[in-house]
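Structure first, then comments.
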Amino acid sequence: MRADIERMAGQLAQVPGVVGVMLGGSRARGEERPGSDWDLGVYYRGGLDLDALRALAGPGVEVAGPGGWGPWVNGGAWLRVDGVAVDWILRDLDRVERVWADCREGRYEVGVQAGHPLGFWSPCYPGEVALGRVLADPAGELAALRTQTANYPEALRGALTAAVWEAEFLVGVAAKGAARADVLYVSLCLSRAVGVLVQALYAHHRRWCLNEKGALAAVEQLTDVPRDFGSRVRGLLGAPGEDAEALTETVERARRLVEEVVAVVDYR
């Protein structure tokens, strides 16, 4: 299968507009499980020959052009090769480079994107390059960018750890929702707060966080995190409660956890 993927990457790199191809996801990191998808980041610049991509994908496969899947996950295709899922994920290389420049200055965005319930955090773009594996790169641009992104920017680390103020704010407004027994509002506030904490802890350790999937389990393996962080988060989100009393108690536990993360990242 790996030989098939490498051959496919070489064919993709010949499509007009494509700069190069990277293997991403769990397979790039050596963390795959049996049946894990093969994620191919298809990096392009300027005009992209969608007809050539469709011809390569084969009959019956829908190829979404830039913007077809939303503002951040630009587009791509879902294929099956010998029964195994292979995903093409389009990435505008000029935009990736702009985001990388922002990250070096401590700037980032969180955008709305289908499939990312806590939002798409823009540092994902350089993070994908840093953690990916180059498969096809005729001009060497992806390899050069990968070398740059190996060094986590201190300015980004400062910005993401400082963002824990939002988690503090969220538990405060969640307490008001708990008093009204507003289960949906409290659950959303706590989920978002945990997402902010996870991003801050990743940044504190100078680690790239790509998305929500598996992020909690990964944070548990880091060295400098509050005691029992993972189990406490699962307790908060697994059963926040239904009445005002139970919800209020859950929010109080969340508040204590936020305070502990603030002490770890020491953002003030």
Validation row: V258, V164 side chains within 4.5 angstrom (heavy atoms): no

Co-membership, hydrophobic cluster, residues V73 and L50, 4.5 Å side-chain: no

CA sep, side-chain torsions, deciding dist, call: L93, L145, side chain to side chain contact (heavy atoms under 4.5 Å, CB included): CA-CA 10 Å; L93 186 54; L145 186 57; 4.0 Å; yes

Gap between atom CZ of R180 and atom OG1 of T248 - 0.5 Å precision: 11.0 Å

Cation-pi check, R95 onto W72 ring (under 6.0 Å, within 45° of axis): yes

Heavy-atom closest pair, residues A203 and T161: CB-CG2, 4.3 Å

From L170 atom CG to E166 atom CD, the distance as rounded to the nearest 0.5 Å: 5.0 Å

Check: H204 main-chain N/O paired with R157 side-chain donor or acceptor under 3.5 Å: yes

ILVMFWY cluster, V198 and V225 together (side-chain gap under 4.5 Å): yes

Interatomic spacing from CE in M8 to CH2 in W38 - rounded to 0.5 Å: 11.0 Å

Sidechain-backbone polar pair: R29 side chain, L131 backbone, donor-acceptor under 3.5 Å: no

Ring centres under 6.0 angstrom apart (Y125, Y43): no

More than 12 heavy atoms of other groups within 6.0 Å of E245 CD: no

Transitive ILVMFWY side-chain link L210 to L222, under 4.5 Å: no

Hydrophobic cluster membership, V86 vs L90, 4.5 Å side-chain cutoff: yes

SB check R227 E260 (cutoff 4.0 Å): no

Non-hydrogen side-chain atoms of L135 and L40 separated by less than 4.5 Å: yes

Validation row: D102, Y108 side chains within 4.5 angstrom (heavy atoms): no

From OG (S122) to CZ (R98), nearest 0.5 Å: 12.0 Å

N/O donor-acceptor pair under 3.5 Å between D228 side chain and S231 backbone: no

Note, L56 side chain near W88 side chain (heavy atom, < 4.5 Å): yes

Donor-acceptor contact below 3.5 Å, side chain E128 vs main chain G24: no

E252 with R255: basic N within carboxylate O range, under 4.0 Å: yes

Least distance between heavy atoms, A77 atom then E62 atom: CB-O, 3.6 Å

Min side-chain heavy-atom separation W100-L156 under 4.5 Å: no

Spacing of R256 atom CZ and L236 atom CG [to the nearest 0.5 Å]: 9.5 Å

From CA spacing to verdict: side chain to side chain contact (heavy atoms under 4.5 Å, CB included), L12, L53: CA-CA 7 Å; L12 284 165; L53 280 179; 3.6 Å; yes

Backbone of W69 reached by a side-chain donor or acceptor of Q113 within 3.5 Å: yes

Nearest atoms (heavy-atom pairs only) where L190 meets A174: CD2-CB, 4.4 Å

Polar side-chain atom of E212 near backbone of L118 as donor-acceptor pair, under 3.5 Å: yes

Main-chain N/O of L142 paired to D137 side chain as donor or acceptor, under 3.5 Å: yes

Pairing residues for Y152 by the ring-ring contact (aromatic ring centres under 6.0 Å, His included) criterion, not counting sequence neighbours: W208

P240 side chain near L247 side chain, heavy-atom distance below 4.5 Å: yes

Main-chain N/O of D39 paired to D37 side chain as donor or acceptor, under 3.5 Å: no

Minimum-distance pair of heavy atoms, taken over all atoms of S36 and V84: O-CG1, 4.2 Å

Verdict with supporting geometry, V233 and E220, side chain to side chain contact (heavy atoms under 4.5 Å, CB included): CA-CA 10 Å; V233 168; E220 289 182 276; over 6 Å; no

N/O donor-acceptor pair under 3.5 Å between R104 side chain and A155 backbone: no

More than 12 heavy atoms of other groups within 6.0 Å of R54 CZ: yes

Within one Ile-Leu-Val-Met-Phe-Trp-Tyr cluster: V264 and V196, side-chain cutoff 4.5 Å: no

Heavy-atom closest pair, residues V265 and A200: CG1-O, 4.0 Å

Step-by-step side chain to side chain contact (heavy atoms under 4.5 Å, CB included) determination, R27 to M1: CA-CA 12 Å; R27 291 192 179 275; M1 186 66 186; over 6 Å; no

Side-chain heavy-atom pair L184, D182 within 4.5 angstrom cut-off: yes

Parallel, tilted or perpendicular: ring planes of F120 versus H116, cut at 30 and 60 degrees: perpendicular

Heavy-atom closest contact (V173 atom, C189 atom, distance): CG2-SG, 4.0 Å

Any side-chain heavy-atom pair of L160 and W121 under 4.5 Å: yes

H205 NE2 to Q221 CD distance, which is reported to the nearest 0.5 Å: 11.5 Å

